[in-house]
Structures are given as C-alpha cells and as structure tokens.
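Model, not experiment: these values are computed from the prediction.
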Amino acid sequence: LMSGNSSRIEAIVSHLDMLIIVSNLSDPDEMELACKIVNISKANGASTLVYNLVPFNYAENYAVQSQRLETIAKLNTDMYLQLTEESEFESIEVKANRIKDAIDAMTTAYMVPSIMGLDFADVKLVIDTGRIAVLGIGTSSEAEKAPTATERALSNKDLTNIDNSKIDGIFVTFSAGMTATLDDFESALSVLNNIVPEHSTVVVGCQFIAKLNGLFKVSIILVGDELY
C-alpha cells in the first residue's frame, strides 16, 4: 500500500471490514499516507486499528508520552494495540509472531466455524468500547489445561500492569482439540470472572480445531481508554 498510487489504495481499502496498520508511527511520509488509508477505510465503514511498534515505557517523561499520544490521535484509528516496555528488546521474529497473534485473535473467531458463532459485529462491539488494546495468549496441555491456559494468557507481560477496573471490553477466544468438553470452557471462563469488571462488554468465542489435539489455547484482548 505504501508504494501504491491513490486510486490503487482506495480500490483496495474501500472493501475492508477491518484495517490493521503495523507501524512505529515515526516516519512523516508513512504517517501521512497511513492517515489517508485510515480515513478511506472509516468512510467505507471499516474498523481501524494500529499496532504500535514503539513500546510503552513507564519511565518516559510527560513530554515524550504526550507527543506519542498526539501522533496516535492524528492517525485517528478506532483503536490501537500497544506493546509494553519489555517488548523493546524482543527480536523481529518474536515481534512478528506477536503481530500475527493479534491479527489471528481479532479475525479467526469469526472466520473459523465454531460452537459459539461470532461475526464481525461481535468484534466491532468490543473495539468500540475503548481506544487502547492489549493482547495475551496462553496454551496448555496439562491436566487442568483450560484454566491454566487462561491464567497464562492473563500473565502475559503486556497485561500484568493493567488496572482491571479500567477494562471496558474483553474479546476472548477459546480454541481446543476435538476432545475438549464444555466443562473445559466453563473452567476457563471462571478464571476470567475474577478480573472482569461488571461494566465491561465481554464477547466469547469457542472453537474446536482438530490440529490442537490435547492442547487448549486462549486468546484475550483487553480494551479500554486508559488501561494502565
């Protein structure tokens, strides 16, 4: 998209349900084009997200934080996915996998047939609850695999400093092999109940995926205007 002409860009993005931009939000030319892409997408009814590659740093001074928030505001996406300070030292491969996980968590829940069917309206319902989103992924093949996987997702470093009372939306997908039972899904939900504020909008998807034989996977996206 960044190397295409305006008509080509418009032809591509005008038919999207969701636009996810991955950027460090620093290059002026890239930002200008990204803003244009976002505006075209939003005008055609798409939900828009930016995955910010510059990690949130708790030690940053006020001026630096304000400048970053101003840049994000100019982009005017519906929501942005935020890395934390520790993510700065991850390899490119690890960051790429985290981006893939984020996209998968937002899309496979309604693109893959499931026992709790979701559609894009369910995803948008959570997106509309806040401006910031963070992702946690957990897996387990142990005896208590469902609650263990959920606890591991919640213990991901991007989620550990969150103020639970500020969570406005939760999008969670439980994925498991064909031997999983409804008790597994219920035990995973019971772990979530410990952190979910009463005012939060919660959307849950459950999938049976044959290749996950013996494995339980949990993808959690927490959304809010001020999570930290």
Side-chain angles (χ1 to χ4, degrees), residues 18 20-22 47-58 60 65 68-69 72-73 75-87 98-110 114 116 118-140 146-175 184-207 216-228:
M18 180 187 292
I20 301 177
I21 293 177
V22 180
S47 289
T48 55
L49 298 85
V50 60
Y51 198 111
N52 182 14
L53 292 177
V54 179
F56 182 91
N57 188 328
Y58 301 100
E60 279 179 343
Q65 290 189 28
R68 179 179 301 172
L69 291 174
I72 292 171
L75 196 54
N76 196 31
T77 55
D78 296 311
M79 187 171 71
Y80 68 95
L81 293 160
Q82 178 65 61
L83 293 175
T84 55
E85 180 179 7
E86 295 87 347
S87 304
R98 285 160 58 79
I99 294 167
K100 179 180 182 299
D101 285 340
I103 295 172
D104 285 349
M106 297 296 291
T107 57
T108 57
Y110 68 92
S114 62
M116 291 182 65
L118 302 176
D119 57 26
F120 184 72
D122 296 308
V123 178
K124 187 169 175 55
L125 184 67
V126 176
I127 291 174
D128 290 344
T129 63
R131 294 276 294 171
I132 305 172
V134 290
L135 170 72
I137 303 286
T139 60
S140 177
T148 300
T150 307
E151 289 167 356
R152 287 175 178 170
L154 292 171
S155 65
N156 280 202
K157 55 191 172 186
D158 286 347
L159 279 65
T160 52
N161 293 300
I162 284 178
D163 181 346
N164 291 345
S165 67
K166 296 180 179 179
I167 298 172
D168 296 319
I170 299 178
F171 189 88
V172 56
T173 304
F174 300 127
S175 305
D184 290 326
F185 294 114
E186 288 179 359
S187 63
L189 279 172
S190 67
V191 176
L192 279 181
N193 288 337
N194 295 326
I195 69 149
V196 178
E198 290 185 2
H199 70 271
S200 296
T201 299
V202 181
V203 172
V204 179
C206 299
Q207 306 169 329
F216 199 93
K217 180 179 179 180
V218 180
S219 303
I220 299 174
I221 295 178
L222 304 181
V223 182
D225 284 324
E226 189 179 348
L227 292 174
Y228 297 99

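- Put simply, the side chain of S155 gets close to the backbone of E151: a donor and an acceptor are under 3.5 Å apart.
- Considering only residues two or more places apart in sequence or on other chains, D225 meets the salt bridge (Lys or Arg N to Asp or Glu O under 4.0 Å) condition with none of them.
- Using a 4.5 Å heavy-atom threshold, the side chains of I137 and V218 count as separate.
- For the pair I221 and V223, the minimum side-chain heavy-atom distance is below 4.5 Å.
- Across all their heavy atoms, I195 and P197 have their closest contact at O-CD, 3.2 Å.
- The two residues S187 and S190 have their closest heavy-atom pair at O-OG, 2.5 Å.
- L192 has its side chain within reach of L154: a pair of non-hydrogen atoms, C-beta onward, lies under 4.5 Å apart.
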Stepwise side-chain contact (heavy atoms from CB on, under 4.5 Å) test for V126 and D128: CA-CA 5 Å; V126 176; D128 290 344; over 6 Å; no
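- Among residues two or more places apart in sequence or in another chain, the side-chain contact (heavy atoms from CB on, under 4.5 Å) test is passed with A188 by A146, T150, F174, F216.
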Between side-chain atoms of residues 162-169 and protein atoms elsewhere (two or more places apart, or another chain), which donor-acceptor pairs fall under 3.5 Å?
residue, atom, partner, partner atom, Å
D163, OD1, S165, N, 3.1
D163, OD1, S165, OG, 2.7
D163, OD2, S165, OG, 3.4
D168, OD1, H199, NE2, 3.1

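- For R152 against G138, the heavy-atom pair with the smallest separation is CB-CA, 4.1 Å.
- Annotation: side-chain contact (heavy atoms from CB on, under 4.5 Å) contacts of T201 (sequence neighbours excluded): L125, T129.
- Within the 4.5 Å cutoff, the side chain of I170 has no heavy atoms near those of the V203 side chain.
- The CG atom of L189 lies 11.5 Å from the CG atom of D184; values are rounded to the nearest 0.5 Å.
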